[in-house]
Number of protein chains: 2
Amino acid sequence: MTTTLKDIAKQLKTSVSTVSRALQNHPRISAEKTKKIQDLARELDYQPNSFAINLKKKTSKTLGVIVPELSLHFFSEILSGMDETAHRNGYQLLICQSGEKVEREKEQIQNLYKANVDGILVAVSKETSNFGNFDLLRKKGFPVVLFSRTHPNFPSVHSDDINGGFLATKHLIQQGCKTIAHIAGPWHLYATKDRQNGYLKALETYHLPINQSLIIHSDLEKESNIEAVHQLLNREQNFDAIFCFNDYVAYDIIQVLKEKQIITGKDVLIVGFGNQPISTQMEPKLTSVDQQPYQIGIKSIEMILNSINSKIETSIKQTEILETMLIVRNSTYH
Amino acid sequence: MTTTLKDIAKQLKTSVSTVSRALQNHPRISAEKTKKIQDLARELDYQPNSFAINLKKKTSKTLGVIVPELSLHFFSEILSGMDETAHRNGYQLLICQSGEKVEREKEQIQNLYKANVDGILVAVSKETSNFGNFDLLRKKGFPVVLFSRTHPNFPSVHSDDINGGFLATKHLIQQGCKTIAHIAGPWHLYATKDRQNGYLKALETYHLPINQSLIIHSDLEKESNIEAVHQLLNREQNFDAIFCFNDYVAYDIIQVLKEKQIITGKDVLIVGFGNQPISTQMEPKLTSVDQQPYQIGIKSIEMILNSINSKIETSIKQTEILETMLIVRNSTYH
DNA sequence: CAAACGTATGCAATCGTTTGCACAAAAATC
DNA sequence: GATTTTTGTGCAAACGATTGCATACGTTTG
């Protein structure tokens, strides 16, 4: 049996309230009694019942997190930062995945809400285009923060994808490339626009012509990526570099180029995005844009704790944009 | 304000108990009243207060999970399986990381215990050698399951590392290798013994001599791995294959061999362990032993739910060993 | 020495549920 | 028609903590 305040009170022939106060070092309880109670509590290994406390205080010190897929390295690194920060602030994390399904995502939001978490952090699924679920929560004054996969109408934490795209493209230009292709992501991902805009901005800034046929969208599946390179290779005009939506796209593309005896880093320069482990594991090592996922995790927790603690309207739109930086490796440099 | 049973009762001029029962479809409540209550509940978007229910039922439908590092792909894939299975059974996951520190691990166990989770699943940290924390829990009859990084005295789920080591080594032998080295892990990891024993068993089975100088232990840090290959290269006698403790070790080693112009898959065959993404991303692609991490996740949850539901002594030692299988790729095959 | 105050404690309500039990009224039994 | 059984409802006590208020001292003050 677990020890309760009642047990301690009974043993010491005092009341539950006195015990409760003593354990909180309430000044009105005599030093002597306080000591006696605390000693016994220790001896009996008293653990306050969190359910009772939560019920009374209406707070669980728990945050809900929904990621599309736990095993995607990018997200697990964000989670790592979240866990660290949450714990430092006395919070725990109820983590679940949406599997990229809106239905599932909706269900998970419900679950977390029912579990009385103090706030919810979400990287929305690929399928999510309707943000009604989140709006409902927000209308109830419930703290919500979107991270990485965000939406402009909600408190958000994400990386500076525009600048990331800009840096990547600028680097290619500075390496002497003149015809830079871009394999972009699917339109419903918010990052797609940003990275592409960064790409366009760089071309503009350095007075290179913009050619729509050099921009190809992929749904990020392997087949789609391969299809994208083929499309590029079949154009009459040549290209000398590709800025890819992410590292996995870059990897798939480089495999195709290898088959065609096109040497990455010499014939064609390639830049990825995300600076995932794959970028150092593949051959050649991939130049990529780092997004500081761990930092995204930290900032997201900080933001939601802020909105929980300061009972200020959470509907104040708040956005944290994390710096991106280019990591140069062999795929653009020899 | 959130709706409570009381609110519904008041509006319908009935009692809280009747409302409670109606919502549970208790047969003793008239069909008419039940419908009225359920309708109003829906209308008011009544959400039962989980704290109160937990308090009453002394169960939280939440499981605690501790992993050494969230961002290690192996663990995040296990977590993915856990999440899936837990949710299918109406449980949620409180996930945290130990950062490979015993101290932190101990702290997290305390946290989870205080949070009144219904059970705890742990992959122990590298530092953990003393299992006293877990023993304490078990003595209280608290459900604990170790996974992946386990200990023979506790209910455990892990892969068949012995057979994994055996399969890997057998494959090398069948590829014609005669002098097979093994870069082993640190002794305190339980898997180290098993994988090494599998290696030894294969040599024995196929009548190859066992040579202790071909077995080198690494602490799995990059420097240590590099040091290990050098040690092998400096032996007077040559070797024609290396069975590595895991894929990352294999990767580091292959980098060193490349520098020395030794061609992996031709001059030396290499097998890794874990079948991590890196094994298909590196060049050459790595032959590796798959451990079914997702399955480990599923089985672990099933095991702990079992011990929660059947109130049978959880101290009955229970171990689930998952099959391993060899995935052959270019590092051992041309 | 009575009034006023400070100190130390306990009572009891509260948080939102669940559930055993009591108690009616209605229905079934003899 | 009296007795038993069924059916429908509500009371009140849990679950384990927190906290405003009352109370009972002992001490200071005028």
Side-chain angles (χ1 to χ4, degrees), chain A residues 1-42 44-62 90 113-118 140, chain B residues 1-42 44-62 90 111 113-118 140 142:
Chain A
M1 266 303 295
T2 58
T3 318
T4 68
L5 291 187
K6 210 180 188 173
D7 300 330
I8 300 182
K10 206 168 285 175
Q11 279 202 41
L12 260 32
K13 298 198 192 312
T14 177
S15 74
V16 173
S17 29
T18 302
V19 175
S20 170
R21 290 192 173 103
L23 291 176
Q24 300 174 71
N25 286 309
H26 188 112
R28 277 300 180 72
I29 305 296
S30 66
E32 187 196 14
K33 203 152 201 168
T34 297
K35 179 167 182 346
K36 220 183 263 176
I37 289 174
Q38 291 188 349
D39 285 350
L40 183 60
R42 203 179 342 273
L44 296 180
D45 189 30
Y46 167 73
Q47 299 284 359
N49 181 309
S50 61
F51 299 150
I53 295 177
N54 292 345
L55 177 58
K56 198 80 233 234
K57 302 227 173 133
K58 294 171 177 305
T59 167
S60 60
K61 290 280 183 177
T62 299
Y113 186 71
K114 279 188 206 157
N116 281 288
V117 295
D118 296 342
K140 291 182 189 164
Chain B
M1 264 305 295
T2 58
T3 319
T4 69
L5 292 186
K6 212 178 187 174
D7 300 330
I8 299 181
K10 207 168 285 176
Q11 278 203 42
L12 260 33
K13 300 200 189 309
T14 175
S15 74
V16 172
S17 29
T18 302
V19 175
S20 170
R21 289 191 173 104
L23 292 176
Q24 300 174 70
N25 286 309
H26 188 112
R28 279 298 182 73
I29 305 296
S30 68
E32 188 196 12
K33 202 152 203 169
T34 296
K35 182 170 180 340
K36 221 183 264 178
I37 290 174
Q38 292 188 351
D39 285 350
L40 183 60
R42 205 180 340 274
L44 297 180
D45 189 30
Y46 167 72
Q47 299 283 359
N49 181 306
S50 61
F51 299 150
I53 294 178
N54 292 345
L55 176 58
K56 197 79 228 219
K57 301 228 173 132
K58 294 170 174 305
T59 168
S60 60
K61 288 280 184 181
T62 299
N111 283 341
Y113 186 71
K114 280 187 205 158
N116 282 288
V117 295
D118 297 343
K140 292 181 187 163
F142 193 86

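Chain letters run A, B, ... following the sequence lines, proteins first and then strands; every chain starts at 1.
T3(A) approaches L44(A) most closely through the heavy-atom pair OG1-O, 3.0 Å. Pairing each heavy atom of F51(B) with each of N116(A), the nearest pair is CZ-CB, 3.3 Å. In terms of heavy-atom proximity, S60(B) sits nearest to V117(B) at OG-CA, 3.6 Å.
Note on T18(A): a side-chain N or O is less than 4.0 Å away from OP1 or OP2 of dG10(C). Listed pair K33(B) / dG8(D) fails the phosphate criterion, with no side-chain N or O lying under 4.0 Å from OP1 or OP2. One finds a side-chain N or O of T14(A) lying less than 4.0 angstrom from the OP1 or OP2 phosphate oxygen of dG10(C). Between S15(A) and dG10(C), a side-chain N or O to OP1/OP2 separation shorter than 4.0 Å is present.
If you check distances only, the side chain of R21(B) does reach the base of dG10(D) with a donor-acceptor pair under 3.5 Å. In the interface, the side chain of S17(B) is paired with the base of dC11(D) through a donor and an acceptor atom under 3.5 Å apart. Counting atom types as modelled, R28(B) pairs no side-chain N or O with a base atom of dG20(C) as donor and acceptor under 3.5 Å.
Regarding D7(A), its CG atom lies at a distance of 13 Å from the C1' atom of dC15(D), rounded to whole Å. Straight-line distance from the CG atom of N49(B) to the C1' atom of dT14(C): 13 Å, rounded to whole Å. Per the geometry, CG belonging to L5(B) stands 15 Å off C1' belonging to dA14(D), to the nearest Å. Spacing between atom CD1 of I8(A) and atom P of dT18(D) amounts to 11 Å, rounded to whole angstrom units. Distance K114(B) NZ to dA17(D) P: 13 Å, rounded to the nearest Å. In this structure, CG of L23(A) is placed 13 Å from P of dT19(D), rounded to the nearest angstrom. Rounded to whole Å, atom P of dA8(C) lies 13 Å from atom CD1 of I37(A). Spacing between atom NZ of K13(A) and atom P of dT9(C) amounts to 16 Å, rounded to whole angstrom units.
Of the residues in residues 50-62 of chain A, those placing a heavy atom less than 4.0 Å from an atom of DNA chain C are L55(A), K56(A), K58(A), in numerical order.
Nucleic acid contact for S20(A): base, since at least one base atom lies under 4.0 Å from a heavy atom of the residue. E32(B) comes within 4.0 angstrom of nothing in the nucleic acid, heavy atoms only. Within 4.0 Å of S30(A), counting heavy atoms only, lie sugar-phosphate atoms of the nucleic acid but no base atom.
If you take NZ on K36(B) and OG on S30(B), they are separated by 8.5 Å, rounding to the nearest 0.5 Å.
Comparing dG16(D), dG10(C), dT18(D) against the side chain of Q24(A) picks out dT18(D) as the nearest.
Ion pair R42(B)/D39(B) flagged as a salt bridge, since at least one NZ, NE, NH1 or NH2 atom sits closer than 4.0 Å to an Asp/Glu carboxylate oxygen. Between K10(B) and D7(B) there is no salt bridge, since none of the side-chain N atoms of the basic residue sits less than 4.0 Å from a carboxylate O of the acidic one.
Dense packing is recorded around NZ of K140(A), with more than 12 heavy atoms of other residues, nucleotides or ligands lying under 6.0 Å away.
Taking 4.5 Å as the limit, some side-chain heavy atom of L23(B) sits within range of a side-chain heavy atom of L5(B).
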